[in-house]
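Each remark here refers to the structure printed beneath this line.
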Amino acid sequence: MPDTAAGVTLPSRIATTHPHITKAWVDAGYRTTAIDHGARLGIDVHPVQRPSGARGFTIMARRRTGEATLNRRGT
């Protein structure tokens with residue numbers, strides 16, 4: 001699924017199944033679509049930018065939090 005489509009689908013699913021979630025950090029690829037759609041749903045969406053000068057695999061604090069959480073849940 002392209003990032004722009006997921007930027008609408010995922011916040012909608014989150015708002016429906018987990019209405020207490022009000023903040024999300026996303027890959028910079030989601031940009032405006034996810035931010036605007038999240039705002040309509042009451043979710044504050046923040047894109048996480050790669051550190052300037054980063055090359056190859058780089059751990060990005062907020063994205064890693066989400067990935068680790070999903071990994072523990074097995075989703």
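- Listed here is the closest heavy atom pair of Ile43 and Ile21: CG1-O, 3.8 Å.
- Once rounded to the nearest 0.5 Å, the distance linking CG of Leu41 with CG of Asp36 reads 11.0 Å.
- By the side-chain hydrogen bond (donor to acceptor under 3.5 Å, both in side chains) test, Ser12 pairs with His37, sequence neighbours left out.
- Looking at heavy atoms from C-beta onward, His20 lies out of side-chain contact with Thr22 at the 4.5 angstrom threshold.
- The shortest non-hydrogen separation linking Ala34 to Val45 is O-CG2, 3.6 Å.
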